[in-house]
Amino acid sequence: MSARDKYEAVIGLEVHAQLLTSSKMFCSCPNVFGAEPNTKICPVCTGQPGALPVVNRHAIELGVRVGLALNSTIHPVSIFARKNYFYPDLPKGYQISQYEQPFCTGGEVPIQLKDGTQRGVKLTRIHFEEDVGKSTHHGHGTRVDLNRACVPLIEMVSEPDMRTAFEAGQYLRALRNILRYTQVCDGNLEEGNFRCDANISVRLKGAQEFGTKVELKNINSFRYVEKAIDYEIDRQVEMIELGEVIQQQTRGWNAAKGTTELMRLKEGAADYRYFPEPDLAPLEITTDWQNEIRKQLPELPQQKSERFQESYGLSPYDASVLTAAQELAQYFETVTNLSQNAKASANWVMNELLGRLNAASVEIDQSPVSTEHLADLIRRIDSNEISGKIAKTVFEAMFATAKAPETILNEKGLRQISDAKQLEKVIQKVIEANTSQVVEYKNGKTKLLGFFVGQVMKETKGQANPGVLNELVKKLLDSQ
Amino acid sequence: MNTIQELLEGYKKKATQPSTVAGDFLDRIESTNPKFNAYLEVLKEKVIARAKELDGCAGQMENLPLYGIPIAIKDNILVKGWSATAGSKILEGYRSPYTATTVERLEAAGAIVIGKTNCDEFAMGSSNESSAYGVVKNPWDETRVPGGSSGGSAAAVAANLCLGALGTDTGGSIRQPASLCGIVGMKPSYGRVSRFGVVAYASSLDQVGPFGNCVWDNARLLEVMAGFDPRDATTSQSTVGSYTGRLNSKTLNATTIGVARDWLEGVDPEVLKSFEAALATMKAAGAKIVDVAIPHARYGLSTYYILAPSEASSNLARYDGVHYGHRAKGVDSVESLYSRSRGEGFGKEVKLRIMLGTYALSAGYFDAFYTRANQVRALLKKDFEDGFQKCDTIAVPTSPCTAFRIGEKVDDPITMYLSDVFTLPVNLAGLPGISIPCGLDDKKLPIGLQLIGRSYDEASLFSIAHQFEKLRGHFPRAGAK
């Protein structure tokens, strides 16, 4: 038993998600990514004297949507609060957030475990917050871009409810999936519209008390989530084993080195002097409004998975793979509708397409094989126009060239020959070239039928329709 | 033509035109402002251009309720292109990038912004002595303060350097200087007037209000600028209506005036005498006088000096030397940029209140101070609600004393803070209050009567004040002695 097996990790995640509103949280500036610095700003989001915040109702709607999707409690009255601290990219000297009375508490995020079972990771709360600007450091100084200042965020805080890096990774993927399904957030860690901080501590298995927690920041890619958390767990276990004391601190993930590094020590909690934001009335979310938002909720991953099993006869595993991302589910459903063959659609998407996409690092919505083309291919197999074997060759070419099956069949001469007249000519030729085998066949050696079929296949470079071919060969041999 | 009402009549009779009037005021400002220091900025060319533009709009006079009226704006209210120092060095040189809703509405009604007026730094003060740009002198006696924080606006009206002015009132900053300068000043109900474009001091208490030479002028200014503003989430949707049209809607014989005797401690005898005389005058005209109790008024001062500094400590965090305003030179770190820019930019009183507020909001103290103060605030509100079960208005002196000497209280903050004992509770309760001159003391300094009204019932308050004003008769102007 290794040292690590004696310990268990306790992991809680804090996720900041930028909401997909057209304007900012408290002003009418556009909420867009990647504009020229300081071009999407106004007196309100730059904190000019006298400017006042006004709540963007659409942002509230998106937040409530997430709360409803996660079965959380939406509170009819919540309070905006000021979080006071100085930072150059924080123009007002405070961030408008929610503190003692957030709009949403409880709920859970369903995650899939390694053995295929599901469990819910409990949420503590979701609250609204405005984003801050962005500082970039250049040789001699720091530049501040306020385009992002005042962009609406929700902060989702989980309970310390996860025990492994895998669970944490699954939680993040599931949460992102729900945010995308509900069209609340792009869920893009790299672009920073979905940001994650992890609180990690370790303790001996069976211990009741939590260990000292370390806050891990800068996990800005899904590829590193598990790696970073695992590294941090190992580091803490190693320290404890060496008799060292874990200090409460903030660490950052260094992707280049594959390690976590000290950012700052936390000597006592920072005092943000929270108090109710006097410029905003308490936020009221009426039952009517909630119901209105509930009506607009799209089908969520779990519901979709259940429907796929029921309507398309998919296995629970296949259904969960195909609903892991909304785009993927949509791709599968489109192919199924066009091809009228759910099982084949699922197989082609899961066994042929996904692997190739992953290897090429291409997202499903950028797939070179369009839904129409894949459905077309499946229809051609089902109508016996091409064999499964040829289909695989065609698919390979479709993925490489993004061309239609029709085009590839023509270009490569892979079209299946089902036309009796055309086949009869070839069969006739084979019969004439193999007269001794014909005699043997006539004398009762019927298993020679396979020999003739094989010869025709060879002549047609495998394009002959096997079913049609079998019958024709038999018919022509018998008539000799 | 000494009032807005008279000047509007004058325009109607074509006796004069905006450019002539603006020219007269500009001349007077040029010759006498150096004496009073009421204005911090007068952009002469802008004023003349605006007045000429209005000369050409004489045909639309009927639709412009403030046609050609020169108005002074306290320098903590933003007017695009003008200064907005809020009386502080930290905003020296700052140019407003936009216009406050209140000023936008006044301008849309035909008013001429004639200048930006001096005030206590970030509206923190009762004497105008905390301004980074020098004290304002009281037009009644230049050795005395005009009151504060809107001292420049009050002095400008009293010295006839404009016909009306805007101030802000967080704890008495309109009513107290109006009282000390012998003019009418009113603080509307919280949420009645937009705060968009008003440099925030204590957001849950700040209100913009008018100064003028009579109740009618105040009513006109307020009816133009009051009402819901989509850019200020704390403004009320309740309807405004015409205030000038309802000045006679409430007669004194249908009015009950409440007097809270337990509140009237520490009042200068001359002020008290004048106050009692005002009550007697109204009683003689048919008003009923009843006793009411506002037992928590005595905690008004301590409650205010927890809540207002708490909010201020946060509101003033934006002046950090990073984005605009004063930036210290030769700093070597972001921490020293903050501490030195703020250290150099803020004055003593502002630093005092920022520290008070920061302390009150700190972990471990929050409940004992901020939360407790809010509980007292709720009790105080309840006191007034109960009081208004028995009366239509509550009367108190506006200030416990008349204008004091420059420098007299500057080293004793508590004595200074006591100037506002009769005004602070009104802000805490969010109610409207108006100060009307009611007499002169033995030094020939003006005394103000404050009438407090029901929430959002400015119409009745103006009407009662107007009835008193008629009974009182002509009130002398500063310098007329």
Side-chain angles (χ1 to χ4, degrees), chain A residues 25-28 38 41-57 80-96 99-100 132-133 135 137 140-146 149 268-284, chain B residues 76-78 84-86 91 94 96-101 122 191 194-200 202-206 229-235 307 310-311 313-325 334-335 337-339 342 357-366 370-371 374:
Chain A
M25 182 91 199
F26 298 116
C27 65
S28 52
N38 295 315
I41 56 173
C42 75
V44 176
C45 57
T46 59
Q48 297 299 307
L52 295 172
V54 175
V55 174
N56 178 345
R57 281 179 67 87
F80 284 105
R82 290 189 187 174
K83 179 181 182 178
N84 295 286
Y85 62 98
F86 285 98
Y87 206 76
D89 58 27
L90 183 65
K92 296 191 296 293
Y94 59 83
Q95 210 177 346
I96 304 177
Y99 184 57
E100 280 185 332
V132 296
S135 301
H137 306 285
H140 299 292
T142 300
R143 289 177 192 163
V144 175
D145 174 12
L146 294 179
D271 188 353
Y272 291 118
R273 289 173 283 118
Y274 281 101
F275 74 104
E277 165 58 285
D279 288 330
L280 294 171
L283 174 63
E284 290 183 32
Chain B
N76 65 347
I77 301 174
L78 276 71
T85 63
L91 280 171
Y94 178 77
S96 299
Y98 68 99
T99 297
T101 300
F122 285 104
S194 169
R195 293 182 296 114
F196 185 78
V198 179
V199 176
S203 314
S204 76
L205 299 159
D206 295 342
D229 177 11
R231 293 178 294 185
D232 176 357
T234 62
T235 50
L307 296 179
S310 292
E311 294 181 19
S313 71
S314 174
N315 281 331
L316 270 58
R318 65 186 62 195
Y319 311 108
D320 59 3
V322 174
H323 300 95
Y324 53 81
V334 71
E335 285 74 23
L337 170 68
Y338 290 145
S339 59
R342 289 167 69 80
T358 305
Y359 183 81
L361 290 179
S362 294
Y365 299 98
F366 182 82
Y370 184 85
T371 307
N374 262 319

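Here is the naming used below: chain letters follow the sequence lines, and residue numbers restart at 1 for every chain.
Annotation: salt bridge (Lys or Arg N to Asp or Glu O under 4.0 Å) contacts of A:R273 (sequence neighbours excluded): none. Applying the salt bridge (Lys or Arg N to Asp or Glu O under 4.0 Å) criterion to B:R231, with sequence neighbours excluded, gives B:E104, B:D229.
Exactly one of B:S203, B:S310, B:S314 qualifies for a side-chain contact (heavy atoms from CB on, under 4.5 Å) with A:P278. That residue is B:S203.
In this structure, chain A has heavy atoms under 4.5 Å from both the backbone and the side chain of B:A363. Only the backbone of A:T46 comes within contact range of chain B, with heavy atoms under 4.5 Å apart. Using a 4.5 Å cut-off between heavy atoms, A:F275 contacts chain B through both its backbone and its side chain. For B:Y365, no part sits under 4.5 Å from any heavy atom of chain A, backbone or side chain. Proximity to chain A is absent for every atom of B:S96, based on heavy atoms less than 4.5 angstrom apart. Using a 4.5 Å cut-off between heavy atoms, B:V198 contacts chain A through its backbone alone, with no side-chain atom that close. Neither the backbone nor the side chain of A:Y272 comes within less than 4.5 Å of any heavy atom in chain B. For chain A, the nearby parts of B:F196 are the backbone and the side chain; heavy atoms of each come within less than 4.5 Å. Contacts between B:L337 and chain A at a heavy-atom distance below 4.5 Å are absent for every atom of the residue.
Contact check for B:F122 versus A:P49: no side-chain heavy atoms found under the 4.5 Å cut-off. Here the side chains of B:Y338 and A:P88 are in contact, with some heavy-atom distance below 4.5 Å. Put simply, the side chain of B:L78 does not reach to within 4.5 Å of the side chain of A:Q48, judged on heavy atoms.
Of all heavy-atom pairs spanning B:D232 and A:V54, the tightest one is N-CG2, 4.3 Å. A pairwise comparison of heavy atoms in B:E311 and A:R82 identifies O-NH1, 4.2 Å as the closest pair.
Heavy-atom contacts from other residues, nucleotides or ligands closer than 6.0 Å to OH of A:Y99 number 12 or fewer.
To the nearest 0.5 angstrom, B:N315 atom CG is 6.5 Å from A:D279 atom CG. Atom NE2 of B:H323 is separated from atom CG of A:D89 by 7.5 Å, given to the nearest 0.5 angstrom.
Of the residues considered (B:L316, B:T358, B:N76), B:T358 shows the highest number of contacts with chain A, using heavy-atom pairs under 4.5 Å. Heavy-atom pairs under 4.5 Å with chain B were tallied for A:G47, A:S28, A:A51; the largest tally goes to A:G47. Most heavy-atom pairs under 4.5 Å with chain A: of the set B:F366, B:Y370, B:Y324, this distinction falls to B:Y324.
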